[in-house]
Amino acid sequence: LITKPTVLNSHIYPKSSRNLATFSLLGLATSILFAYLRENKKLLVSRSKEVENLLDIDNFTELSLFNKNEWTKDLEMMTLSLDYKYKSKILIDSLDNNSSDIKEIANVMNKSKKEEKYILLNTLSQFLKFKKIIVIITLNQTKKATILDFKKKISSLDLELVSLIIITN
């Protein structure tokens, strides 16, 4: 038996809309997985909340590299609070090596003081002279391992982390 084939007005397979939806979701899932793996591979701190959780501190100041003109106001507010709470000198340590920014921060913090209260860390022996410390980190530059090592170091030396300065890009 030979019959004449029936031709429909629209095609049955492949279904373009289903294929488009399937491959779009597959592409989205692959992209999210790749981004997650890439972020964890770098092991850099990229969010303030991460630093807050790693160091168990809720007292921090965020400074933007794009708004350096606002640093003075933010740092003055922080130093007013710290001056009220603490009378002794406080050590400043940077977990990154942005020496010009760190010096600028220390200068602003010491601007209205008769004598230098906020001291930049120069040698490891300074850790033994101070009991209070402020740490400065830069998002997307500081490694999580560096923060965890720092936390162990201040814990073993019985130092108090009084504040955190986070520099954002």
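Nothing here was measured: the structure is a model prediction, and the numbers come from that model.
With hydrogens and angles disregarded, no donor-acceptor distance shorter than 3.5 Å links the side chain of Asn140 to the backbone of Leu44. Ser155 places no side-chain N or O within donor-acceptor distance of the main-chain N or O of Lys151, the cut-off being under 3.5 Å.
The heavy-atom pair separating Glu76 from Thr79 by the smallest distance is O-OG1, 3.0 Å. What you find for Tyr118 and Asn110 is that their closest heavy atoms are O-ND2, 2.8 Å. A pairwise comparison of heavy atoms in Ser46 and Leu139 identifies O-CD1, 3.9 Å as the closest pair. When all heavy atoms of Lys89 and Glu116 are compared, the closest pair comes out as CE-O, 3.4 Å. Annotation for Leu164 and Val135: closest pair CD1-CG1, 3.3 Å, computed over non-hydrogen atoms. When all heavy atoms are compared, the tightest approach of Leu159 to Phe130 is CD2-O, 2.7 Å.
More than 12 heavy atoms of other residues, nucleotides or ligands lie within 6.0 Å of NZ in Lys87, so this atom counts as buried by the packing criterion. Heavy atoms from other residues, nucleotides or ligands lying under 6.0 Å from NZ of Lys143 number 12 at most.
The other members of the hydrophobic cluster of Ile32, by chain and number, are Leu28 (side-chain heavy atoms under 4.5 Å, ILVMFWY only).
Residues Phe150 and Leu128 share a single hydrophobic cluster, defined by chaining ILVMFWY side chains whose heavy atoms lie under 4.5 Å apart. Tracing side-chain contacts under 4.5 Å through hydrophobic residues (I, L, V, M, F, W, Y), one reaches Ile57 starting from Leu157; they form part of the same cluster.
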List, one per line, each side-chain donor-acceptor pair under 3.5 Å for residues 64-72, sequence neighbours excluded.
residue : atom : partner : partner atom : Å
Ser64   : OG   : Phe66   : N            : 3.1
Lys68   : NZ   : Asp101  : OD1          : 2.7
Trp71   : NE1  : Ser64   : O            : 2.8

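Expressed to the nearest 0.5 Å, how far CG of Asp93 lies from CD1 of Ile154 amounts to 9.5 Å. Taking CG of Asn53 as the start and CG of Asp58 as the end, the distance is 10.5 Å to the nearest 0.5 Å. How far CG of Asn19 is from CG of Leu26: 11.5 Å, rounded to the nearest 0.5 Å.
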Run the side chain to side chain contact (heavy atoms under 4.5 Å, CB included) test on Ser81 and Lys85 for me, step by step, so that the C-alpha distance in whole Å, both residues' side-chain angles and the decisive distance to 0.1 Å come before the verdict. CA-CA 6 Å; Ser81 170; Lys85 287 182 185 177; 4.2 Å; yes
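For Leu54, the side-chain contact (heavy atoms from CB on, under 4.5 Å) partners are Val45, Lys144, Ile147, Leu148, not counting sequence neighbours.
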